[in-house]
Amino acid sequence: MKALETFDVFTKTAASLDWLAGEIKEGAVREFVKNARDLAGIYADEAALQRMNPNRVMYRVRWIEPALPGSEGGLFWGVTIIEPGQVGDEYFMTHGHFHANRTRAEFYGTAHGTGMLVLMNKERKTWTEPMKPGSLHYVRGEYAHRVANTGDKPLAFWACWPTDAGYDYEAILLRGFGARLRCRDGKPVLINND
Ligand code: S6P
Ligand code: ZN
């Protein structure tokens, strides 16, 4: 009966989107906000992060859960909005994670802004895909993923991921990605971190 109940909940609260603005207009929207203080240990220049206002909003994620987290076969839908800015020579970026379940893939689609999707496989090989309005990105289940806003305006991208993907932030906190995206002469350059 669980599936029917969650279906009923969703149809009553069905969402409506502004695709290009990256906004969920209606619906039972959940949100998490990452401030500067939440990103300790992520940037190479930790001192630069410490000099920032700890309450500064770096990015926010809004999403809808039409099925129970952890349940098999469902999907979540959300949007991430990353503010423009830099910490040292690195761009404002998401924490980055592997999915706890490494078989669970994900789609990202850019609504507005420009950035880089940083991907890493289990051997720590790291590469990027440029993000711009309309770009669609398939993230394989076994790849760690992070997004950096390389522009001077907010970057918004839609995401669709399985209800039982989960998050593994630990691996990234411990060792980071195999390379860092750094600003060199005003351009993003991927520089080895290992
Ligand atoms: C979830 C999906 C996104 C991220 C969001 C923030 O699988 O990849 O919704 O959660 O972009 O990134 P992070 O690394 O802080 O969770
Ligand atoms: Zn993910």
Side-chain angles (χ1 to χ4, degrees), residues 15 17 19 22-24 27-43 49 56-85 87 90-122 126-132 135-151 154-181:
L17 311 176
W19 285 91
E23 284 170 20
I24 305 176
V29 182
R30 292 164 193 273
E31 180 181 64
F32 74 70
V33 178
K34 295 283 177 172
N35 299 318
R37 72 152 64 78
D38 301 315
L39 296 168
I42 292 305
Y43 290 96
L49 185 74
R56 174 141 178 205
V57 173
M58 313 288 270
Y59 64 97
R60 57 183 87 232
V61 184
R62 295 190 178 117
W63 76 101
I64 50 174
E65 293 188 350
L68 291 173
S71 64
E72 198 179 307
L75 295 169
F76 294 145
W77 178 266
V79 63
T80 301
I81 302 134
I82 310 176
E83 295 302 318
V87 177
E90 287 179 278
Y91 303 92
F92 285 9
M93 60 187 178
T94 58
H95 185 293
H97 59 269
F98 285 98
H99 289 164
N101 183 337
R102 303 286 205 272
T103 71
R104 296 301 189 254
E106 177 164 20
F107 270 119
Y108 280 176
T110 312
H112 61 79
T114 51
M116 287 286 186
L117 169 60
V118 184
L119 297 162
M120 177 175 75
N121 69 11
K122 64 180 190 313
T126 303
W127 66 100
T128 57
E129 290 181 12
M131 297 176 77
K132 61 180 184 185
S135 67
L136 184 67
H137 308 270
Y138 180 70
V139 179
R140 289 175 59 121
E142 70 268 33
Y143 294 165
H145 41 292
R146 157 184 285 168
V147 173
N149 181 353
T150 59
L155 166 66
F157 62 93
W158 295 106
C160 184
W161 70 102
T163 40
D164 59 353
Y167 299 89
D168 173 4
Y169 289 111
E170 189 82 13
I172 300 303
L173 252 188
L174 285 174
R175 291 190 68 193
F177 281 64
R180 288 181 177 279
L181 195 66

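Predicted model, so just to flag it, every value in this text is computed and none were measured. When a ligand or atom number is given, it counts from 1 through the structure's own listing order.
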Considering only the protein, which heavy-atom contact is closest to [atom], and what is its distance?
atom	answer
atom 2 (C) of ligand 1	E106 OE2, 2.7 Å
atom 12 (O) of ligand 1	T94 CB, 3.5 Å
atom 8 (O) of ligand 1	Y108 OH, 2.6 Å
atom 16 (O) of ligand 1	Y169 OH, 2.5 Å
atom 11 (O) of ligand 1	T80 OG1, 2.8 Å
atom 4 (C) of ligand 1	H97 CE1, 3.7 Å

To make sure I understand the geometry: which N, O or S atom in E106 is closest to the Zn ion (ligand 2)?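 Looking only at N, O and S atoms of E106, the one nearest the Zn ion (ligand 2) is named OE1.
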I'd like the atom name of the N/O/S atom in H97 lying closest to the Zn ion (ligand 2).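 The closest N, O or S atom of H97 to the Zn ion (ligand 2) is NE2.
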Is it the side chain, the backbone, both or neither of H99 that has a heavy atom closer than 4.0 Å to ligand 1? side chain
Have a look at Y169 and tell me which of H145, H97, H99 forms a ring-ring contact (aromatic ring centres under 6.0 Å, His included) with it.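 Answer after filtering H145, H97, H99: H97.
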E31 bridged to R60 by N-O distance under 4.0 Å: yes
Heavy-atom contacts with [X] under 4.0 Å: which atoms of ligand 1 show up? List them by number with element.
X	value
H145	8 (O)
F157	11 (O)
H95	14 (O), 15 (O)
V61	5 (C), 6 (C), 9 (O)

Go through V87 and M58 one step at a time and tell me if the side-chain contact (heavy atoms from CB on, under 4.5 Å) criterion holds. CA-CA 10 Å; V87 177; M58 313 288 270; 3.8 Å; yes
If you take all heavy atoms of [X] and [Y], which pair is closest and at what distance?
X	Y	result
G22	A156	CA-CB, 4.5 Å
A111	W19	CB-O, 3.4 Å
L49	L39	CD2-O, 3.6 Å
P84	G151	CB-O, 3.7 Å

Aromatic centroids of F32 and W63 separated by under 6.0 Å: yes
Would the Y167 and W161 ring centres measure less than 6.0 Å apart?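 That pair fails the under 6.0 Å test.
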Working to 10°, measure the angle at the Zn ion (ligand 2) formed by atom NE2 of H99 and atom NE2 of H145.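 H99 NE2 and H145 NE2 form an angle of 100° at the Zn ion (ligand 2).
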Side-chain touch Y59/L155, heavy atoms, less than 4.5 angstrom: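 No - every pair of side-chain heavy atoms lies 4.5 Å or more apart.
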Considering [options], which one's heavy-atom position lies nearest to [atom]?
atom	options	result
atom 14 (O) of ligand 1	G96, C160, A100, A144	G96
atom 9 (O) of ligand 1	W63, W158, W161	W161
atom 10 (O) of ligand 1	Y59, F107, Y167	Y167

Short side-chain to backbone donor-acceptor contact, T94 and V147, under 3.5 Å: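 Yes: the side chain of T94 pairs with the backbone of V147.
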